[in-house]
Visitor: 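Here it is, the structure, as structure tokens.
For the numbers below, each heavy atom of this structure counts, side chains included, while hydrogens, waters and symmetry mates do not.
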Amino acid sequence: MEEQKEKELLAPDTVSEEFEGRRRRKVAIDLLKANYFAIIIMVVASVALIVPFFLIWHGKRPIGDLLGNGITWVVALVAMVLGIVVHEVIHGITWSFYAKRGWKSISFGVIWKYLTPYCHCDEPMHIRPYQLACLMPCFVLGVIPAIIALFIGSFPLLLWGIFFIAAAAGDIWMAWLLTKENPDSLVLDHPSEAGFYIYDE
């Protein structure tokens with residue numbers, strides 16, 4: 001049954017000769033465990049970033065300037081909500097560069113049980129591009145804003161970065177799992193679960 005769904009998922013023009021004849025293995029992560037992992041990442045990122053932030057800026061600017069005003073926090077909260085959508089769009093944009101059908105291979109949805117939005121690519125690809133797409137939102141929405149915050153002294157922006165580093169916990173986990181795989185294998189994003197299929201030679 002699962003094999004039939006897989007065949008329906010992949011249109012004939014998306015399956016290359018390189019893909020045919022390979023053995024398939026399913027690799028999935030537990031979303032509940034991923035949420036615990038996100039808490040751990042948030043704690044680690046908070047310590048690693050908030051401590052140096054105040055060491056750098058303490059005494060150099062009034063604490064009120066560092067923390068921002070009410071409007072700053074409202075904007076930050078609204079931006080975080082929008083950022084959750086942008087997170088998935090970044091996945092899609094990155095994958096589309098490596099998919100033969102480009103943006104046509106990308107779809108979006110929500111796992112309502114966990115209130116988790118997702119982006120899906122229905123084409124198999126090599127592991128490195130898949131890992132890049134997994135990690136790109138973490139860098140664009142998390143790491144880069146956090147580094148900028150350390151330089152400009154913006155605590156709300158720092159929290160924004162920490163939030164989106166933690167929000168990428170599942171992506172980081174999947175990228176790490178792929179480091180254990182043969183780089184020559186192909187990976188296909190799972191259409192309905194947090195995981196993927198590995199196609200070995």
Visitor: Working to the nearest 0.5 angstrom, can you tell me the gap between His126 NE2 and Asn182 CG?
Guide: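 These two atoms lie 10.5 Å from each other.
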Visitor: Got a second to check how far Phe164's CZ is from Ile144's CD1, nearest 0.5 Å?
Guide: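 Here the rounded value is 13.5 Å.
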Visitor: Has Trp57 got a side-chain atom pairing as donor or acceptor with Leu150's backbone, closer than 3.5 angstrom?
Guide: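 Answer holds: yes.
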Visitor: Ring centres of Phe108 and Tyr118 under 6.0 Å apart?
Guide: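 Judged by ring-centre distance (under 6.0 Å), Phe108 and Tyr118 do not meet the cut-off.
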Visitor: Salt bridge check, Arg101 against Glu123: does any charged N sit closer than 4.0 Å to a carboxylate O?
Guide: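 Arg101 and Glu123: salt-bridged.
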Visitor: Taking the side chain as every heavy atom from C-beta outward, state whether Leu177 and Phe196 have any pair of such atoms under 4.5 Å apart.
Guide: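 The answer is yes; the side chains approach within 4.5 Å.
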Visitor: Using a strict cut-off of less than 4.0 Å between a Lys/Arg side-chain nitrogen and an Asp/Glu carboxylate oxygen, indicate whether Arg25 and Glu181 qualify as a salt bridge.
Guide: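 Yes, Arg25 and Glu181 are salt-bridged.
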Visitor: Other than Ile40, which residues form its hydrophobic cluster under the rule that side-chain heavy atoms must be closer than 4.5 Å?
Guide: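 Besides Ile40, the cluster holds Val44.
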Visitor: Going from CG on Leu188 to OH on Tyr197, what distance comes out if it is rounded to the nearest 0.5 angstrom?
Guide: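 Reported value, rounded in 0.5 Å steps: 7.5 Å.
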Visitor: About how many Å separate NZ of Lys104 and SG of Cys121, when rounded to the nearest 0.5 Å?
Guide: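 Here the rounded value is 14.0 Å.
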Visitor: Can you give each donor-acceptor pair under 3.5 Å made by side-chain atoms of residues 130-142, sequence neighbours left out, with the distance rounded to 0.1 Å?
Guide:
residue	atom	partner	partner atom	Å
Tyr130	OH	Asp189	OD1	2.5
Gln131	OE1	Arg128	NH1	2.9
Gln131	NE2	Ala175	O	2.9

Visitor: Classify the angle between the aromatic ring planes of His87 and His91 as parallel (below 30°), tilted (30 to 60°) or perpendicular (above 60°).
Guide: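 The rings of His87 and His91 stand perpendicular, inter-plane angle above 60°.
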Visitor: Quick one, Trp173 and Lys33 - any side-chain contact, counting heavy atoms below 4.5 Å?
Guide: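 A side-chain contact exists here, since the closest heavy-atom pair is under 4.5 Å.
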Visitor: Do the side chains of Phe54 and Leu49 join up, straight or via other hydrophobic residues, at under 4.5 Å, putting them in one cluster?
Guide: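 They do share one cluster, since a chain of ILVMFWY contacts under 4.5 Å joins Phe54 to Leu49.
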Visitor: Between Met125 and Val187, is there a side-chain heavy-atom distance shorter than 4.5 Å?
Guide: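 Sidechains of Met125 and Val187: in contact.
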Visitor: Do Ser107 and Asp122 have side chains that get closer than 4.5 Å, going by heavy atoms?
Guide: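 The answer is no, as the side chains (C-beta and beyond) never meet within the 4.5 Å cut-off.
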Visitor: Under a single-linkage definition using a 4.5 Å side-chain heavy-atom cutoff for Ile, Leu, Val, Met, Phe, Trp and Tyr, are Ile165 and Ile148 assigned to the same hydrophobic cluster?
Guide: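 Result: yes, single cluster for both.
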